Every structure is written in structure tokens, then in C-alpha cells.
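In this text, all values refer to a predicted model and were calculated from it rather than measured experimentally. A, B, ... follow the sequence lines: proteins, then strands. Residue 1 opens every chain.
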Protein chains: 2
Amino acid sequence: MGQEVRTSTPTGSSAPRSGRGATRDQVDRAVRTALLTGRFIPGKAVTLRGLAQDLGVSPMPVREVLQRLAAENALIVRPNGRVQVPEMTAARFDEILKARLLLEPELAEMALPYLTRRDAKSLEEIDLEIDASIGTGDAEAYMRLNHLFHFRIYSASPSEILLPLAESLWLQFAPFMRMVYGRVGTANLIDWHKEATKAIRDQDAAALRMAIASDIKEGMGILGRDGLTSE
Amino acid sequence: MGQEVRTSTPTGSSAPRSGRGATRDQVDRAVRTALLTGRFIPGKAVTLRGLAQDLGVSPMPVREVLQRLAAENALIVRPNGRVQVPEMTAARFDEILKARLLLEPELAEMALPYLTRRDAKSLEEIDLEIDASIGTGDAEAYMRLNHLFHFRIYSASPSEILLPLAESLWLQFAPFMRMVYGRVGTANLIDWHKEATKAIRDQDAAALRMAIASDIKEGMGILGRDGLTSE
DNA sequence: TTGTGGATTTTGTGATCACAAAATAATCAA
DNA sequence: TTGATTATTTTGTGATCACAAAATCCACAA
């Protein structure tokens, strides 16, 4: 039972627990990364015992994790108690876009003074991997790396408030993104990562805000056009 | 058991469950209103069995609710598993203020087209009660009514994203507000509620944004000056 | 073939329990 | 009296269970 599979620190969650809530943390990490990389399909119901068995734990920690994620609006609890990945609607999508444009440029600007040349170098390496994942069409890797790129920036700031809010937004749109990538592929994805990296090197707040905002609009613009027509 | 005390929509939670998660909803509502009216003291640990006994339920639904609220950053889970109301810091306070100023004016503007003259009338009545609670120095009533005033506005919009984010922010600063009111009283509180109500009557988006922003700055400005010096 | 009704299984919920970690109380030595 | 050390209690965690609601399956009739 005591699987010690510690991969990385979950963004919103707390520090790597010693041995207290180890099982719950394991489940939390597993479900969160599954959501962020799109391994959960919107509309698909998530059963308690099923997930528990997949992860080799009792239903108890799974219950708590699902409650947590429902509180973050990453999952919804239907009136009958069933938990499922929320489906995207046009209104929801527009509002997420609006919220991201409000929060993330601000978050990036807050992080800017804390970002060093070393961080810029690290971001460039991630961006190279992103280009590679686009080339091979590996949507899951692309999503993981894109999340990593953004939150490597945001989490440089000591933010306790805006950062969890942004993380909550990502959890909400990521499963839908994955669906769209599966449908239209990742080939024609364009991003503003190089501009963002340059702005960080130059410590240019306005340029960074603009790069992040453009990246958000660009990325979700593609999704918006092709993804929501069928719903 | 079917207490219909709906002060506001619990952020993540759904409609009043029929009989499925009734106990959990009861606990959720109880803890949320306790936080919003400041009945929980920052820094004070919340014990699982204690809360369960107070509410006359088993520790089980309390566990899930505390996990939910921890996910919304309304409570924090210390590395030893203890749950407590977070303490306010200057940085935290400033960031909450920033986040509120980003989200709530936007939310108000989104709600504006849905707000009728009837709503404006209702808001005026609430504001009268607020003035009364200030007069009698009833801090708990003031907090409940102030929350009601703001979210009567915000929740008029069909927002699914920004509204829960705003609710999360309120859960985070409310306990701290209560502490300050207990120290400096509610006598010298000034708000922009009348300006907001007028802006709603006039359907003037810019004026409403400005009234909400001013109300936030004013209300938290008082807190900021007097409240955080001791920490 | 297609509904339709009842039987069966699956599911979430709340409660209880055993256990280990942590916090608190009590004890004793200096 | 004060400090550390041990004993006791409290606490969160994970597992299991009983139960009711819900979903699924299946037989049967039109």
C-alpha cells in the first residue's frame, strides 16, 4: 500500500507530506495530472471504487480527493452524487478565457522580478521540448509541458492567492483542450513562448504581460473555433 | 433536517440536495456561514471530531467538507494533518485585495444586464439593514448582510467561473475581517452601496465598476491600516 | 424488433474501527 | 523552580461495512 511514487510537487497542493497523508497525496497527484494531461474525458463519469482500484487504494482517500477537486470546479458532483468531468459550453469557455486574461498576465508580472536568467534558460529548454512534442503530435506531452512552462513562470512569485486561482482554471479547461487536440491535432499550434522568454530576459513587464495574454488568446482561440461547434 | 437557510450559493456545491448528500450539505453550509460571519478565529485549529460533535454528525461528512474548504484555500491543512483557519499576513492581504479588484468589478459588470429595478429595490433594503447593523455594532450581522449585498449583485450573472473564484476570496478574508471588527468596531465603516445601487438603476456599467472597486478599497483599506500591525 | 417492468448489480454515503502520529499531561531529576 | 522525559490522551488516516438510491441488465409482452 505504501507506494512512494513521489514525482513532483503539485502546484496548488501543499508540500510533499512525510507519511501523514501520503496515500491521499498520491491519489491527488495522480488525478490532477490526469486532468491536466487530458486523460479524463469530459462527460465521462468517474466512479469511486473504480478509481480506487486503479490506484490500488481504498475508496476513502479517493473520496476526499474527488471532493477537493469538485470544490475547485475541476470536477462536478451531479445531484445524484455521481462525479464527472464537466463538459464545456460556449459560455463556460468564454468566461474561462476572460478569467485567464485577467489573472495570468498579472501573475506573470508579479513573478517577473523573481525570474532569473537561469529561469529563462530553463524555459527555453522546455519550449524546445514543446516544439518537439508538437512535431511528433504527442498531445499529452504537449499539455504537460505547456502547463509546466506557464507555471514555471507564475510560481516564481510568492503568490498565495492568484496562483491557486489560475491552477483551478487550468484544471477546468485542460480536459476539454485534450479533446480538441485529439480531433484537430497539435500541428498548427502557435504560441508566444519565445516572446515571453525574451521579456523575462529583458525584465520587461509590459512585454511579458502582452506575450502571456497573446499566448492565451491564441491557444484558446484555436480551441474555440474548432472545438465548440459540436456541442 | 431540511433547513432552508439559503444565505448564498455555496461556491462549489450545487443545489440543495434531496436526500443524497444531505448531511454533507448541512455541514458544508454550517461551516461556510461560520467562516463568512467570522465565527472561526484565524489560527485556531479546527478538530474533526469536535466539529462533528458540535453538529451532531459523524466525523465522516466533516472530513469531506474540510477537505473541500481546504481546496478553496478557506482552510489550510498543516503538514501534520491539522486543519486550521489561515492567519492573515500583509502579503496575503494585499494579494486578496488585488484579486478582488480584478474579479469583482468584472463580475458586477457581467451581472448588470440581468439586474432589474426589483433587484435594485432589494439591494436598497439590504443596505438599510446594513446601516442598522452598523448602528447597533452587530459585526456578525454586518458581515452576513455585506456578503449578501455583494453576491446578490454578482450572482445575477450566469457566471460559472468568476463567481466561485470570488466566493473563494471572500471565504479567505472574512475570518480576518471579523477579528478586526471585533477590535476596532464597525462604527466608522463607509461603503459605496448607494452608488452601486444607483449605477444599477441607471444600468451604468462604468459607474458600477467604480462603485464596487471603491467599496472594496475602502472596506479593506480600513482593515489594512488597523488590522495587520500586530502580526 | 421494441418498449416495459422487475430483478440484480453498482454506486455514493455515513458510520465505526484500528492504528500511528502528534499533542498534551504528568512525572521526575537537576 | 525548571527542564527534559515519559505516559496518556487526542487527532487524522485509511479501511471496512450496512444501507439506500441509482443505474444497469434481463426477461417478457406487444
Participant: Return the 5'-most residue of the pair B:Arg49, B:Pro61 with respect to DNA chain C, ranking by each residue's nearest nucleotide.
Facilitator: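 Residue closer to the 5' terminus by nearest nucleotide: B:Pro61.
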Participant: Rounding to a whole Å, what distance do you find between B:Gln84:CD and D:dT10:P?
Facilitator: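 Distance, rounded to whole Å: 21 Å.
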Participant: Look at the side chain of B:Thr47 and decide which nucleotide, out of D:dT11, D:dA15, C:dG12, has an atom nearest to it.
Facilitator: D:dT11
Participant: Measure the distance from CE on B:Met60 to P on D:dG12 and round it to the nearest whole Å.
Facilitator: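 Atom CE in B:Met60 sits about 12 Å away from atom P in D:dG12.
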Participant: How would you label the contact of B:Val46 with the nucleic acid (heavy atoms, under 4.0 Å): base, sugar-phosphate, or nothing?
Facilitator: sugar-phosphate
Participant: Parallel, tilted or perpendicular: which fits the ring planes of B:Trp170 and B:Phe173, with parallel below 30° and perpendicular above 60°?
Facilitator: tilted
Participant: Among C:dT11, D:dT16, C:dA15, which is the nearest nucleotide to the side chain of A:Arg82?
Facilitator: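 Given the options C:dT11, D:dT16, C:dA15, the side chain of A:Arg82 is closest to C:dT11.
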Participant: For D:dT13 and A:Arg24 - does any side-chain N or O of the residue sit under 4.0 Å from the phosphate oxygens OP1/OP2?
Facilitator: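 For A:Arg24, the contact criterion (side-chain N or O under 4.0 Å from OP1 or OP2 of D:dT13) is met.
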Participant: Atom CG of B:Leu75 to atom C1' of D:dG12: distance rounded to whole Å?
Facilitator: 15 Å
Participant: Which whole-number value in Å describes the distance from B:Asn80 CG to D:dT11 P?
Facilitator: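 Answer to the nearest Å: 13 Å.
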Participant: For B:Gln67 and D:dT11, what is the distance between atoms CD and P respectively, to the nearest whole Å?
Facilitator: 17 Å
Participant: Counting distance alone, no hydrogens or angles: does the base of C:dG14 have a donor or acceptor under 3.5 Å from a partner atom on the side chain of A:Arg63?
Facilitator: yes
Participant: Please determine if a side-chain N or O atom of A:Ser58 lies less than 4.0 Å away from the OP1 or OP2 oxygen of D:dG14.
Facilitator: no
Participant: Just call it for A:Val27: base, sugar-phosphate, or nothing, with non-hydrogen atoms closer than 4.0 Å on any strand.
Facilitator: nothing
Participant: Using a strict 4.0 Å threshold on nitrogen-to-oxygen distance, state whether A:Glu72 and A:Arg32 make a salt bridge.
Facilitator: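 Salt bridge flag = yes for A:Arg32 with A:Glu72.
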Participant: To the nearest Å, give me how far apart CG (B:Leu48) and C1' (C:dA23) are.
Facilitator: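 After rounding, the reported distance stands at 16 Å.
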Participant: Assess, by modelled atom type and distance only, whether the side chains of A:Thr116 and A:Arg118 contain a donor and an acceptor separated by less than 3.5 Å.
Facilitator: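 There is no such pair between these side chains.
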Participant: Find the distance A:Leu51:CG to C:dT11:C1' and express it as a whole number of Å.
Facilitator: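 Going from CG in A:Leu51 over to C1' in C:dT11 covers 13 Å.
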Participant: In whole Å, what is the span from the CZ atom of B:Arg20 to the C1' atom of D:dA23?
Facilitator: 11 Å
Participant: Donor-acceptor pair, A:Glu104 side chain versus A:Ile212 backbone, under 3.5 Å?
Facilitator: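 No; zero donor-acceptor contacts below 3.5 Å.
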Participant: By the definition salt bridge (charged side-chain N to carboxylate O under 4.0 Å, His left out), identify the one residue from B:Glu160, B:Glu109, B:Glu106 that meets it with A:Lys98.
Facilitator: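 Single salt bridge (charged side-chain N to carboxylate O under 4.0 Å, His left out) partner of A:Lys98 among B:Glu160, B:Glu109, B:Glu106: B:Glu106.
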Participant: Please tell me which of A:Gly50 and B:Glu64 maps to the more 5' nucleotide of DNA chain C, matching each residue to the nucleotide holding its nearest heavy atom.
Facilitator: A:Gly50
